[in-house]
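None of the values given here were measured: they were computed from a predicted structure. So that the names make sense, note that chain A is the first sequence line, chain B the second, and so on, each numbered from 1.
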Amino acid sequence: MKIAKRMAEPHISRVQSPSGLTSSATTTFRNLRNALPREFFDRDPREVSRGLLGKVLVRRNGRKLIAGRVVEVEAYLGAEDAAAHAASGKTARNAVLFGPPGYAYIYFIYGNHFCLNVSTLPDGIAGGVLFRALEPLVGLEQMALARDTELGDLRALTSGPGRLAEALGITRERDNGKDLTSTRSDLWLADDGFVPEKVLVTKRIGITKAADMPLRYLIAGNRFVSGRKSDAKP
DNA sequence: TTATGGATTAGCT
DNA sequence: GCTAATCCATAAA
């Protein structure tokens, strides 16, 4: 299966995802270097969540890039959000959430999975956004290798917080506290100019406390959103 | 020091 | 649809 098509100029070569069906499935290598600035994250997590939909999460492994478009996120607030890790105050684990905006907060869950968040709001104020699903764009073979799955099932690569972390090789040891606003890092967020047509907001998935707050944001109709079809309702 | 349950996933019924 | 797997942060004692 062809996973990437390079044209004459490598810096502006166009990348075509195998899904190939939506405009969100393309990007350019040049645009992957356009990192979101610190200020982008220095806002309420709900605003950052909306803003992150359609942006691209980029991982660099040596000289190879892995990238996926953000199609589903959840906002986690501070003390007023019982489901947030920050709800009961600052600890060694959640310290990044209380720090400056734009840094990776990674936690280990259910004995099996890592989940990636980005810190929001100024230093001293807790808040974050959980990445729940990506649409694979670049480095699909590396993703499949990391996930130990077949390339034929693209949804299995990055549809779900634990899955996308595994596909990009994200671990707490490697990435917790990492600056996500710099391409000098090996993990960052890029703006390639794509704008989602329609965004939906729903209840968050997999929590018991504060379960009714509408803090899950997703790109309407995107097939890489996690969970069942019935979950993708407002 | 011990107990509890979780921002999940994969595999089976 | 249901649940085991499997670690560890946090709360309780």
Side-chain angles (χ1 to χ4, degrees), chain A residues 41 44-46 48-50 52-53 57 68 70-99 101 103-121 126-134 136 143-178 180 187 189 200-218 223-233:
Chain A
F41 302 99
D44 184 285
R46 286 161 285 210
V48 177
S49 291
R50 274 188 188 277
L52 278 174
L53 290 176
L57 180 63
V70 180
V71 299
E72 177 187 354
V73 296
E74 284 176 356
Y76 285 87
L77 317 180
E80 71 274 33
D81 180 3
H85 288 181
S88 53
K90 187 175 178 177
T91 66
R93 176 173 70 145
N94 65 22
V96 176
L97 292 175
F98 288 81
Y103 290 84
Y105 165 57
I106 293 151
Y107 63 90
F108 189 61
I109 191 70
Y110 296 121
N112 283 299
H113 311 288
F114 291 102
C115 296
L116 170 70
N117 298 245
V118 60
S119 61
T120 66
L121 296 170
V129 176
L130 168 71
F131 292 85
R132 287 197 55 91
L134 305 176
M143 292 189 200
L145 197 63
R147 290 271 301 124
D148 195 24
T149 61
E150 299 294 325
L151 261 181
D153 184 5
L154 291 180
R155 276 191 94 256
L157 291 181
T158 54
S159 181
R163 288 169 171 174
L164 74 88
E166 188 173 38
L168 272 60
I170 291 168
T171 66
R172 181 179 167 115
E173 185 178 41
R174 180 177 177 185
D175 300 303
N176 193 53
K178 191 167 281 182
L180 298 181
L187 187 64
L189 285 155
L200 295 181
V201 183
T202 77
K203 296 175 183 177
R204 293 175 294 187
I205 291 181
I207 55 173
T208 54
K209 303 170 190 168
D212 289 335
M213 298 176 80
L215 294 176
R216 173 174 176 246
Y217 299 78
L218 54 101
R223 63 183 277 241
F224 294 95
V225 166
S226 73
R228 305 173 159 281
K229 287 173 188 169
S230 58
D231 292 329
K233 291 168 65 178

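- A sub-4.0 Å separation between OP1 or OP2 of dC7(C) and a side-chain N or O of Arg172(A) is absent.
- When the P atom of dT9(B) is taken as reference, atom CZ of Phe114(A) falls 14 Å away, rounded to whole Å.
- dT2(B) and dA11(C) make up a base pair, with Watson-Crick or G-U wobble contacts both under 3.5 Å.
- Across the protein-nucleic acid pair, Asp81(A) atom CG and dA7(B) atom P stand 11 Å apart, rounded to whole Å.
- To the nearest whole angstrom, the two C1' atoms, one in dG5(B) and one in dT3(C), are 15 Å apart.
- Computed from coordinates, the Tyr105(A) OH to dA7(B) P distance equals 9 Å when rounded to whole Å.
- Put simply, Ser88(A) has no side-chain N or O that comes within less than 4.0 Å of OP1 or OP2 on dT10(C).
- Contacts of Ile207(A) with the nucleic acid, taken as non-hydrogen atoms under 4.0 Å apart, involve only primed sugar atoms and P, OP1 or OP2.
- Remark: P of dC7(C) and CD1 of Ile109(A) are 14 Å apart, rounded to the nearest angstrom.
- In this structure the side chain of Ile106(A) never reaches within 4.5 angstrom of the side chain of Thr171(A), judged on heavy atoms.
- Pair assignment for dA4(C): dT9(B), on the basis of Watson-Crick or G-U wobble contacts that are both within less than 3.5 Å.
- Among the protein residues, Phe108(A) comes within range of the sugar-phosphate backbone only, with heavy atoms under 4.0 Å from sugar or phosphate atoms but none that close to a base.
- Residue contacts shown for Arg147(A) are limited to sugar-phosphate atoms, with no base heavy atom under 4.0 Å away.
- Nearest-nucleotide mapping onto DNA chain B: of Gly206(A) and Glu166(A), the residue sitting toward the 5' end is Gly206(A).
- What you find for Arg147(A) and Glu166(A) is that their closest heavy atoms are NH1-OE1, 2.6 Å.
- To the nearest angstrom, P of dA9(C) lies 17 Å from NZ of Lys90(A).
- Crowding of Glu80(A) atom CD: a count of heavy atoms from other residues, nucleotides or ligands under 6.0 Å exceeding 12.
- Regarding Lys209(A), its NZ atom lies at a distance of 10 Å from the C1' atom of dA11(C), rounded to whole Å.
- Looking at Asp81(A) and Leu215(A), their side chains come closer than 4.5 Å, going by heavy atoms from C-beta outward.
- Contact annotation: Thr208(A) side-chain N/O to dG5(B) OP1/OP2 distance is not under 4.0 Å.
- The distance from atom CD1 of Ile170(A) to atom P of dA7(B) is 18 Å, rounded to the nearest whole Å.
- Residue Tyr107(A) places a side-chain atom within donor-acceptor reach of the base of dA7(B), judged by atom type and a 3.5 Å distance cut-off alone.
- Centroid-to-centroid, the aromatic rings of Tyr105(A) and Tyr103(A) stay 6.0 Å apart or farther.
- A heavy-atom distance below 4.5 Å is not found between the side chains of Phe131(A) and Ile170(A).
- The base of dA7(B) is paired with the side chain of His85(A) by a donor and an acceptor separated by under 3.5 Å.
- Closest approach to the Asn112(A) side chain among dA7(B), dA5(C), dG6(B) is made by dA5(C) (side chain taken as heavy atoms from C-beta onward).
- The OH-C1' distance, from Tyr110(A) to dT4(B), rounds to 13 Å in whole Å.
- Across all strands, Arg93(A) comes closer than 4.0 Å only to sugar-phosphate atoms, never to a base (heavy-atom distances).
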